[in-house]
Amino acid sequence: MADENKEGGEEKPRTSSAKSKTGSKPGTPKTPRRAGSGKAKDKAPKKDDGGKKEEPKPVEASESTTGPPTDILAIFLASKTQELFDCRADEDVTSDNPYKLLKKEDIIQDMKTRAAVSDFSPAKQLVMDYPGEELLIVYDYDFKYGQNFYLATTEEAKDRILNPPKPGG
């Protein structure tokens, strides 16, 4: 079989219509490819967060016109959490009555019971450090801060939200 490519004692070069590994025919000079000219589509690599929830950070009021003040944390509450805490959107809390006081101890118990699955886990340290006994959760009907609820993270924020200043005064 080794002698198939030999003819009269000379080696005969292989001729094949198949392309080589470089994608060009043998003997063809290589030309550099321009960026993005390949067949494969340029795709941004997907971010792999390893299944971890990213902890939302309060945003300075001056950083964004739509972002929450520093003492407000936008938070997503799934329907299961809303049921557990009796703050179901458009039922227990509405656009006309968006406020609900939650016992700090109930939130801590939820974080212990449901661990990382708890919707309050991104706010764990804020809840643990909260000085009062009840935290104010507000239904964000218009998604003003980007989530379906927001949490007052200080007593001052709670008081400011529950007792807004009177217009013109």
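Computation of the quantities below employed the complete heavy-atom set of this structure, encompassing side-chain atoms and omitting hydrogens, waters and symmetry-equivalent molecules. Since the structure is predicted, the reported quantities are computational estimates derived from the model, not experimental observations.
- Contact record, A157 with T154: N-OG1, 3.0 Å, taken as the closest heavy-atom pair.
- With rounding to the nearest 0.5 Å, the separation of CG in D86 from CD in E91 is 10.5 Å.
- Judged by distance alone, with hydrogens and angles left aside, the side-chain atoms of E155 form no donor-acceptor pair with the main-chain N or O of P131 at under 3.5 Å.
- Salt-bridge check for K144 with D140: failed, with every basic side-chain N at 4.0 Å or more from each acidic carboxylate O.
- Separation of atoms OH (Y130) and CG (L151) is listed at 8.0 Å; rounding is to 0.5 Å.
- In terms of modelled atom types and a separation under 3.5 Å, the side chain of D119 and the main chain of T81 share no donor-acceptor contact.
- In this structure, F149 and Y139 have tilted ring planes: the angle between them lies in the 30° to 60° band.
- Side chain of N148 to backbone of F143: no donor-acceptor contact under 3.5 angstrom is found.
- Of the inter-residue distances, the one linking I75 atom CD1 with L77 atom CG reads 5.5 Å to the nearest 0.5 angstrom.
- Here the shortest heavy-atom pairing between E134 and K158 reads O-NZ, 3.0 Å.
- The OG atom of S118 sits 8.5 Å away from atom CD1 of I107, with the distance rounded to the nearest 0.5 Å.
- Note that the CG atom of L126 and the CG atom of L135 stand 9.0 Å from one another [nearest 0.5 Å].
- Proximity of V127 to K104: side-chain heavy atoms (C-beta onward) are separated by under 4.5 Å at one or more points.
- Between the CG atom in L102 and the NZ atom in K100 there is a gap of 7.0 Å [rounded to 0.5 Å].
- Taking all atoms of both residues into account, the shortest heavy-atom contact from D92 to C87 is OD2-N, 3.4 Å.
- Salt bridge annotation for E83-K80: absent, with no cationic side-chain nitrogen under 4.0 angstrom from a carboxylate oxygen.
- Put simply, the side chain of E133 never gets that close to the backbone of K103: no donor and acceptor are under 3.5 Å apart.
- Counting only heavy atoms from C-beta outward, the side chains of D110 and F120 approach each other to under 4.5 Å.
- Considering only heavy atoms from C-beta on, Q147 stays 4.5 Å or farther from L73 through its side chain.
- R160 and D71 are joined by a salt bridge, as a carboxylate oxygen and a charged side-chain nitrogen come within less than 4.0 angstrom of each other.
- In this structure, A74 and Y150 approach most closely via the heavy-atom pair CA-CB, 3.9 Å.
- For the 3.5 Å distance criterion, the side chains of R114 and S121 fail to qualify, holding no donor opposite an acceptor.
- A heavy-atom distance below 4.5 Å is not found between the side chains of T153 and D129.
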